[in-house]
> 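First the structure, then my questions, so here it is.
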Amino acid sequence: MRQIVLDTETTGLNPRTGDRVIEIGCVELVNRTLTGNNFHRYINPERDSDEAALAVHGLTTEFLSDKPKFHEIAEELRAYVQGADVIIHNAPFDLGFLNHEFQRLGLPPFVEHCGSIIDTLVFAKEMHPGKRNSLDALCDRYGVSNAHRKLHGALLDSELLADVYLAMTRGQNSLSMDVEPEETGGGLLLDAVPLGEIIVAQASPDELAAHEEVLAGLDKGVKGECVWRKYSPIV
């Protein structure tokens with residue numbers, strides 16, 4: 001199973017008004033394992049970034065001026081994602097830009113080169129309704145450290161999202177132990193471990209009185225002694 005975790009940075013919010021892709025970062029997973037076969041390219045958008053976008057990614061026009069243009073990396077990107085399932089956080093945003101870039105070159109939309117699209121934002125909203133589900137919030141929730149993240153970067157965000165995605169989709173059956181249990185003819189032999197201290201919290205007089213009041217009401221309802229008194233006497 002080959003999956004690509006993908007993120008982009010752009011000059012602004014809307015490709016239909018001329019905004020362009022300026023960075024693509026991809027992380028490869030094969031059978032849920034990071035392979036290190038990543039794809040990362042900066043791209044010359046041939047225009048300036050909006051001030052708000054620049055404050056997010058910090059990629060200046062000067063820095064991008066000598067980078068390849070999108071048509072120079074399009075075939076390389078297409079070959080890299082070919083047939084793979086692509087994982088994106090807030091997929092409509094990134095796909096809107098990538099589809100637009102491919103169509104500008106007269107190519108089929110980006111999504112036609114991929115397998116399925118997995119939107120982790122949609123997935124997170126289903127798992128955690130009513131909670132914040134930004135990438136930063138998910139990093140906090142799943143214990144993925146993003147302390148080194150000062151600005152948004154496509155490759156860094158893809159690496160973080162890969163860790164978050166693996167944590168989000170890790171079922172209990174996939175949890176492993178460092179030491180395998182010893183097999184015996186009758187099943188599994190587990191090492192004996194001491195039990196923790198059992199702490200007993202006694203009911204207070206007020207709680208006992210309230211409990212007795214409830215039992216009295218049950219006695220009245222059954223016109224006798226309720227079954228609770230027989231099996232759960234108060235000592």
Side-chain angles (χ1 to χ4, degrees), residues 1-47 49 53 56-61 63-123 135 138 144 149 151-170:
M1 179 177 62
R2 183 170 184 261
Q3 298 172 306
I4 302 298
V5 184
L6 179 148
D7 186 55
T8 65
E9 297 297 337
T10 64
T11 62
L13 298 176
N14 193 344
R16 290 176 293 183
T17 58
D19 285 315
R20 304 288 303 277
V21 174
I22 59 174
E23 184 185 8
I24 300 173
C26 301
V27 173
E28 182 184 62
L29 297 170
V30 175
N31 295 328
R32 294 180 56 82
T33 300
L34 293 165
T35 68
N37 177 28
N38 300 336
F39 180 94
H40 182 221
R41 298 291 182 273
Y42 292 110
I43 300 163
N44 181 357
E46 303 178 273
R47 58 156 291 170
S49 291
V56 170
H57 54 64
L59 301 176
T60 65
T61 302
F63 172 79
L64 297 170
S65 62
D66 62 348
K67 303 301 184 287
K69 298 178 176 62
F70 194 90
H71 72 86
E72 298 176 74
I73 63 95
E75 176 58 27
E76 190 180 9
L77 174 62
R78 184 206 64 76
Y80 180 79
V81 302
Q82 186 68 39
D85 294 337
V86 177
I87 300 166
I88 308 175
H89 198 69
N90 190 20
F93 179 86
D94 300 85
L95 293 179
F97 274 92
L98 291 171
N99 286 337
H100 186 78
E101 293 284 2
F102 271 64
Q103 289 169 335
R104 288 180 79 251
L105 301 175
L107 299 172
F110 174 81
V111 291
E112 293 189 14
H113 303 282
C114 310
S116 63
I117 301 295
I118 300 170
D119 190 337
T120 50
L121 179 58
V122 173
F123 190 28
L135 181 55
L138 292 176
V144 175
R149 181 183 189 236
L151 292 171
H152 284 261
L155 183 60
L156 173 58
D157 284 1
S158 291
E159 292 170 340
L160 293 173
L161 183 58
D163 288 340
V164 165
Y165 173 76
L166 291 173
M168 290 173 67
T169 56
R170 183 180 295 123

> Is any side-chain heavy atom of His57 closer than 4.5 Å to a side-chain heavy atom of Ile22?
yes
> Less than 4.5 Å apart, any side-chain heavy atom of Ile24 and any of Leu98?
yes
> Taking all heavy atoms of Asp7 and all of Asp94, pick out the closest pair and write down the distance.
OD1-OD2, 3.7 Å
> What heavy-atom pair brings Ser158 and Gly25 nearest, and what distance separates the two atoms?
OG-O, 2.7 Å
> Would you please test Val27 and Leu155 for side-chain contact (heavy atoms from CB on, under 4.5 Å) and show each step?
CA-CA 7 Å; Val27 173; Leu155 183 60; 4.2 Å; yes
> Classify the angle between the aromatic ring planes of Tyr42 and His40 as parallel (below 30°), tilted (30 to 60°) or perpendicular (above 60°).
perpendicular
> How would you list, by chain and number, every residue that makes a ring pair (Phe, Tyr, Trp, His ring centres under 6.0 Å) with His71, sequence neighbours excluded?
none
> Give the intermediate values and the outcome of side-chain contact (heavy atoms from CB on, under 4.5 Å) for residues Leu166 and Leu29.
CA-CA 10 Å; Leu166 291 173; Leu29 297 170; 4.2 Å; yes
> Looking at every non-hydrogen atom in both residues, tell me the closest pair between Val81 and Phe110 and how far apart they are.
CG2-CE1, 3.9 Å
> Can you tell me how far SG of Cys26 sits from CG of Asn37, rounded to the nearest 0.5 angstrom?
10.0 Å
> Does Leu6 reach the side chain of Phe39, with side-chain heavy atoms less than 4.5 Å apart?
no
> Please say whether the positively charged group of Arg2, taken as NZ for Lys or CZ for Arg, lies over the ring of Tyr80, i.e. under 6.0 angstrom from the six-membered ring centre and within 45 degrees of the axis.
yes
> How close do Asp163 and Leu34 get, heavy atom to heavy atom, and via which atoms?
OD1-CD1, 4.1 Å
> Can you find a heavy atom in the side chain of Glu159 that is under 4.5 Å from one in the side chain of Asn38?
yes
> Measuring only between side-chain heavy atoms, which start at C-beta, is Glu101 closer than 4.5 Å to Ile43?
no
> Return the CD to CG distance between Glu9 and Leu59, rounded to the nearest 0.5 Å.
7.0 Å
> Grab the two heavy atoms, one from Thr10 and one from Ser49, that are nearest each other, plus how far apart they are.
O-OG, 4.5 Å
> Quick check: do Asp119 and Pro92 have side-chain heavy atoms less than 4.5 Å from each other?
yes
> Counting only N and O atoms by type, is there a donor-acceptor contact under 3.5 Å from the side chain of Asn14 to the main-chain atoms of Arg16?
yes
> Do Leu138 and His89 have side chains that approach each other closer than 4.5 Å (heavy atoms only, starting at C-beta)?
yes
> If you compare all heavy atoms of Thr120 against all heavy atoms of Met168, which two are closest, and at what distance to 0.1 Å?
O-CE, 4.1 Å
> Could you verify whether a donor N or O on one side chain and an acceptor N or O on the other, from Asp85 and Ser116, lie under 3.5 Å apart?
yes
> For a side-chain contact (heavy atoms from CB on, under 4.5 Å) check, start with the C-alpha distance between Leu107 and Arg78, then their side-chain angles and the critical distance, and finish with the verdict.
CA-CA 10 Å; Leu107 299 172; Arg78 184 206 64 76; over 6 Å; no
> Identify, with sequence neighbours excluded, every residue that meets ring pair (Phe, Tyr, Trp, His ring centres under 6.0 Å) alongside Tyr165.
none
> When rounded to the nearest 0.5 angstrom, what is the spacing between CD1 in Ile118 and OG1 in Thr169?
8.5 Å
> For the backbone of Gly18 and the side chain of Arg47, can you confirm whether one donor and one acceptor N or O come within less than 3.5 Å of each other?
yes
> Distance check, rounded to the nearest 0.5 Å: Gln3 atom CD versus Thr35 atom OG1?
11.5 Å
> Could you give me the CA-CA distance, side-chain angles and deciding distance for Leu77 and Phe70, then say whether side-chain contact (heavy atoms from CB on, under 4.5 Å) is met?
CA-CA 10 Å; Leu77 174 62; Phe70 194 90; 4.3 Å; yes
> What I'd like to find out is whether the side chain of Lys69 reaches to under 4.5 Å of the side chain of Asn44, using heavy atoms alone.
yes
> Who are the ring pair (Phe, Tyr, Trp, His ring centres under 6.0 Å) partners of His113, not counting sequence neighbours?
Phe102
